K.L.:
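Take a look at this one; I'll ask things after.
Residue numbers start from 1 in every chain, and the chains themselves are labelled A, B, ... in the order their sequence lines are given, proteins ahead of strands. Small disclaimer: the values here were computed from a predicted structure and weren't measured.
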Number of protein chains: 2
Amino acid sequence: MSHTPGARQAQKEQTRQALLDAGLQLLDRQSLSSLGLREVTRAVGVAPAAFYRHFPDMAALGVALVGEALGSLHAVIRDALAGGQDAEDLIDRTVAVTAAYVDEHRAHIRFIARERYGGVQPVRAAIAAELGRFTDEVAAGLAPQPASAGWSVADLRVLAGLYVDHMVLTAAAIMEVPEDDPAAREEITRAARLRMQIISLGRSHWAERGA
Amino acid sequence: MSHTPGARQAQKEQTRQALLDAGLQLLDRQSLSSLGLREVTRAVGVAPAAFYRHFPDMAALGVALVGEALGSLHAVIRDALAGGQDAEDLIDRTVAVTAAYVDEHRAHIRFIARERYGGVQPVRAAIAAELGRFTDEVAAGLAPQPASAGWSVADLRVLAGLYVDHMVLTAAAIMEVPEDDPAAREEITRAARLRMQIISLGRSHWAERGA
DNA sequence: TCATTCAGTAAACAGCTGTTCGCCGAGTCT
DNA sequence: AGACTCGGCGAACAGCTGTTTACTGAATGA
C-alpha cells in the first residue's frame, strides 16, 4: 500500500496536528491575522523552519482549522433534521444539540465565529463555502417535509440559510457565556428556541401570506 | 467658555480623527488584533509616540471606532421603525435603508462585522453593548404596534434581537458582495427581504401557536 | 508680556518577526 | 547493505514592533 501510514508519515501527521492544536489554542485570545508563525512553533516545541514542512502560510493553517471545525458537523445536522416529526420537540433538540456541540468544541466554534468575517481572505472563503454546503444540506432536508408545500426551491434555500445563520449565531452566543453561569446560559437557549419558533411559525404560514 | 474648541484643541481633534481614519482604512485587510501602532502613525505621517497623546492602546482606538460606526445608526433605526404601517413596504424600506447605509459606511460596517467576535475583548464588549442598546430601541418601537398584542416584554426583546441580528447579517452580506456585481447584490437583498417576511409572518401568527 | 501647557518630535531600547540556508540523521525502498 | 528521502534543526538575515526618554515650539491664560 502506498498510503499505509508508516512510522514516518505518522510522526509527520503528529507534528502537523500539534501545530493545529497549538494554533487553535493561541487563537483563543487573538485573531488569525495576528497569530505568529514563531508563536505557534514555540508552543509546539519545534524549530520555526519546521512550520514550512506542513503549511506554506498561516492562512493555510487557518483553512485546515476550518475543515477540522466544520467537517464533523455534517453528521450532527443530519441527525437534527432526521428526528421526530413534532416541531416543538425538533426545536428543543436542535438547540440542545447545538449547545452540546459548543461545549465539546468551544475553541473551534470561537475560531469560526471570529474568522467568518475576519481579516484572512482564504479562511473567510473556506468558511463561506462550508456554510454554503450546510445550507444546501438543510434545504435538501427541508424539501420533503409536508410543511414545505408551496415553497420554491430558491425560497427554501433562503429559509435554510436563515436556519444555518441562526445556528451559528446561537453557537456564538452560547460560547460567549461564562461557563459558571448556568442562568445566563439558560437565558440564551430560551431565546434561541423562541427565535426558532418564530421562524418555524412563519414557515408554516407561508402559503397564506398576503400583499 | 472653557470648552470652546480653540485652535489648540481643534488641531488635536484633527490628528485624532486622522488616526481613526487611517486605522479604519488599514483594517480593511486585517483584524484589529494585528493592527500595529506604528502602522497607523506612519499612515498619518506622525511620530509613533504621538499616538499615546490620543489613545493608551490600540484597543482604545478600536472602541472609539465602535462609537463612530454605531453611533450614527440610532437615527436610522428610528426612521425605519417609524414609517408607514404596511408591513411589506416597511420590509422593503428597511432593507433598502440598510443597503444604502452599507454603501455610505462600508469600512465601518466591515469593522463591526469583523470585530463583533474578534480577538480584542474591550472592542467586543463595546459592540455588544451598542447592539444591546439597539435591541432595546427596536423592542420599544415594536411594543406599541397592534401586531405586538399577546407578546410579553421578554419575548418582544428576543424578537427585536432577531431583527437586529438579521440586520447585521444582511449588512455584512451586502458588504461582501463585489461592488461591480449588481445581480449578486440584488440576490442578497431579495434573500434579506424574504427572511424578514418569514420572521414577520411568524410574529403575526404568534398568538395562535400550538403545542 | 511672561510663564505655563501640551501636541508632536527624534532617538534609542530590547525584543520580536518571517524566511532562507545547509546540514543532520532516522525511516524507507531496492 | 546501500542509496535515498525528507522532517526537523540551528544559525543568520534584514526589518519590524511597542514603549520610554528628554526635547521643542506654538497656542494659551494671567
K.L.:
Take the protein atom CD of B/Gln30 and the nucleotide atom C1' of D/dC16, then report the distance between them rounded to whole Å.
P.N.:
14 Å
K.L.:
Provide, to the nearest angstrom, the distance between the CE atom belonging to A/Met58 and the C1' atom belonging to C/dT17.
P.N.:
12 Å
K.L.:
Under 4.0 Å, counting only non-hydrogen atoms across every strand here, what does B/Arg16 touch: a base, just sugar-phosphate, or nothing?
P.N.:
nothing
K.L.:
What is the separation between atom CG on B/Leu19 and atom P on C/dA7, rounded to the nearest whole Å?
P.N.:
13 Å
K.L.:
Closest-nucleotide mapping onto DNA chain D: is A/Ala47 or B/Gly36 further toward the 5' terminus? I mean the 5' end.
P.N.:
A/Ala47
K.L.:
Starting at atom CD of B/Gln14, determine the distance to atom P of D/dA27, rounded to an integer number of angstrom.
P.N.:
13 Å
K.L.:
Can you tell me which nucleotide in D/dT17, C/dT9, C/dT19 comes closest to the side chain of A/Leu37?
P.N.:
C/dT19
K.L.:
Between D/dT21, C/dG8, D/dT5, which nucleotide gets closest to the side-chain atoms of B/Ala49?
P.N.:
D/dT21
K.L.:
Name the closest nucleotide to the A/Arg38 side chain, picking from D/dT17, C/dT17, C/dT9.
P.N.:
C/dT17
K.L.:
OP1 or OP2 of C/dT17 sitting under 4.0 Å from any side-chain N/O of A/Arg42?
P.N.:
yes
K.L.:
Which residue, B/Arg114, B/Met175, B/Glu104, forms the side-chain contact (heavy atoms from CB on, under 4.5 Å) with B/Ile109?
P.N.:
B/Met175
K.L.:
Between the side chains of A/Asp21 and A/Gln17, does any donor sit under 3.5 Å from an acceptor?
P.N.:
yes
K.L.:
Is there a donor in the side chain of B/Gln9 and an acceptor in the side chain of B/Gln14, or the other way round, less than 3.5 Å apart?
P.N.:
no
K.L.:
Would you indicate, yes or no, if C/dT20 has its OP1 or OP2 atom less than 4.0 angstrom from a side-chain nitrogen or oxygen of A/Tyr52?
P.N.:
no
K.L.:
Return the value, rounded to whole Å, for the distance between atom CZ of A/Phe51 and atom C1' of D/dG10.
P.N.:
19 Å
K.L.:
Can you tell me how far P of C/dG8 sits from CD of B/Glu13, to the nearest Å?
P.N.:
11 Å
K.L.:
Over how many whole Å does the gap from B/Leu26 atom CG to D/dT17 atom P extend?
P.N.:
11 Å
K.L.:
Record whether the side chain of B/Arg53 comes under 3.5 Å of the base of C/dC6 through a donor-acceptor pair of N or O atoms.
P.N.:
no
K.L.:
Could you tell me how far apart A/His54 (NE2) and D/dC6 (P) are, to the nearest whole angstrom?
P.N.:
13 Å
K.L.:
Taking only the side-chain heavy atoms of A/Arg8 (C-beta and beyond), determine which of D/dC9, D/dG18, C/dT28 contains the nearest atom.
P.N.:
C/dT28
K.L.:
Using every non-hydrogen atom in the two residues, find where A/Val177 and A/Arg106 come nearest and quote the distance to one decimal.
P.N.:
O-NH1, 3.9 Å
K.L.:
Does the distance from a Lys or Arg side-chain N to an Asp or Glu carboxylate O, for A/Glu39 and A/Arg42, drop under 4.0 Å?
P.N.:
no
K.L.:
Using the side-chain heavy atoms of A/Lys12, tell me which of these nucleotides is nearest: D/dG7, D/dC9, C/dG18.
P.N.:
D/dG7
K.L.:
Quick one: on DNA chain C, does B/Gln11 or A/Leu35 contact a more 5' nucleotide (nearest heavy atom)?
P.N.:
B/Gln11
